[in-house]
Amino acid sequence: MEMQVFESRAAAERDVAREIAGLVRRRPDAVLGLATGNTPTGVYAELARLRREEGLDLSRVRTFNLDEYCGLAPTNPRSFRAWMERELFVPAGIALDRVCFPDGFEAGHPVRVEELPRVCDAFERAIRDAGGIDLQLLGIGRNGHIGFNEPGSTRASRTRRVELHPWTREDAAAEFGGLEHVPTHAITMGVATILEARAVRVLAFGAKKRALVRRTLDTANDPAWPASFLCAHAGVRLVVDREAAT
Ligand code: PGA
């Protein structure tokens, strides 16, 4: 897996945002795979700045987010959907009818658990119908998860309902005002879904990520470390700052 080391987090974020901007200038209806969390925030802020200051037009891109908590309506301020509207869609001018989440809601209502496989299949189909993901942004969780593909996920996994790992819930506890309020399940794109993206940019910043970056580079196809499945993909680049580099 290729690793690209930048002097600073800001420099890395500018580079990734510039790559996305270049893609969108060539293909205004490019398909982006998007991630939430602390890691991609600077890339999103830079895309908003490019829109404001350089007239970058993102209004025609299609987006697919990696994951969403089960049971949170798209209008819930704690949903990833609401987070994405605040951090990227509105400031960058992305049309809200061109974004897609595996949220398990239909027409504003939660779909019953037994029916979620149908909703997950429809999400996969929507990606295929859009022509596939041109560029997928990813972070790495402290248990090696990508999206919410927790340890134990297989290379062949597809979009599905998953139980969240205890560390994943712990990491979200502050956001939810206590562990007991964090959803226990989520829907995530699968590993196989992610690996179908034509390009994948895995971002990792700060000393806290150094051991995760090391293990991702040192491991191959190990379900105990889902990020290790990325090793087989020629279009994956690990984008890190000095502190996260090993
Ligand atoms: P973070 O999360 O960006 O908040 O560090 C990464 C992840 O869990 O994928």
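Remember, it's 1-based here, ligands and their atoms both numbered in the order they're listed.
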Does the pair Phe64 and Phe123 meet the rule for a ring pair (Phe, Tyr, Trp, His ring centres under 6.0 Å), with working shown?
CA-CA 9 Å; Phe64 292 89; Phe123 183 79; 5.8 Å; yes

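- Residues Glu68 and Arg81 are not paired through a salt bridge, judged by the lack of any N-O separation under 4.0 Å between the basic side chain and the carboxylate.
- Annotation: ligand 1 has protein neighbours Gly37, Asn38, Thr39, Gly139, Ile140, Gly141, His145, Lys209, each with a heavy atom less than 4.0 angstrom from the ligand.
- When only modelled atom types and interatomic distance are considered, Glu150 and Thr168 share a side-chain donor-acceptor pair under 3.5 Å.
- Although no hydrogens or angles enter the test, the distance criterion places no donor-acceptor pair under 3.5 Å between the side chain of Arg25 and the main chain of Asp57.
- Between Tyr69 and Phe148, the ring planes are tilted. Angles from 30° to 60° get that label.
- With hydrogens and angles left out, the side-chain atoms of Asn149 and Arg160 include a donor and acceptor closer than 3.5 Å.
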